[in-house]
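Okay, structure first, notes after.
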Amino acid sequence: MTGGDLSDRLREVAGMVSPGMYVYDVGCDHGFLSIYLVKYGGAPGAVASDVNPGPLRAAHEHVADEGLDEKIRLMFT
């Protein structure tokens, strides 16, 4: 994932988060917002949650691919 991979909508949301803030991404879908904020937005970590197991599995794969397992915790809600 690169900085240009976020949709305009998610980039707008990311712009509302101040560097240094820990993020709780409710309805994380595929985890892209959490990944972006930890990698590029100055968030020290994140909790990403979703009610659907499919998108949460995808988020797990994306987080692992980015090597962020220690910084982004995934939760089924």
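Worth saying up front: this structure is predicted, and the values here are computed from it rather than measured.
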ask   = Is there side-chain contact between Val13 and Leu33, with heavy atoms separated by less than 4.5 Å?
value = yes

task = Would you indicate whether the side-chain heavy atoms of Ser34 and Leu37 approach each other to under 4.5 Å?
result = no

ask   = Are any non-hydrogen side-chain atoms of Thr77 and Asp50 less than 4.5 angstrom apart?
value = no

inquiry  = Go through it in stages, so that I can follow the logic: the residues are Ser49 and Asp25, the test is side chain to side chain contact (heavy atoms under 4.5 Å, CB included), and I'd like the CA-CA distance, side-chain angles, deciding distance and then a yes or no.
reply    = CA-CA 6 Å; Ser49 67; Asp25 184 3; over 6 Å; no

request  = Keeping to residues at least two apart or across chains, list the ring-ring contact (aromatic ring centres under 6.0 Å, His included) pairs with something in residues 49-71.
outcome  = Phe32-His62

inquiry  = In this structure, would Tyr24 and Val63 fall into the same cluster of hydrophobic residues linked by side-chain contacts under 4.5 Å?
reply    = no

ask   = Can you name the nearest heavy-atom pair linking Cys28 to Leu56, along with the distance?
value = SG-CD1, 3.9 Å

query = What is the minimum heavy-atom distance between Ile35 and Glu66, and which atoms define it?
reply = CG2-CG, 3.8 Å

inquiry  = In the structure I gave you, are the side-chain heavy atoms of Val47 and Val23 within less than 4.5 Å of one another anywhere?
reply    = no

inquiry  = Quick one, Pro53 and Phe76 - any side-chain contact, counting heavy atoms below 4.5 Å?
reply    = yes

Shortest non-hydrogen contact from His30 toward Ala58 = CD2-CB, 3.1 Å

task = Examine Tyr22 and Val17 and state if one hydrophobic cluster contains both, with Ile, Leu, Val, Met, Phe, Trp and Tyr joined whenever side-chain heavy atoms are less than 4.5 Å apart.
result = no

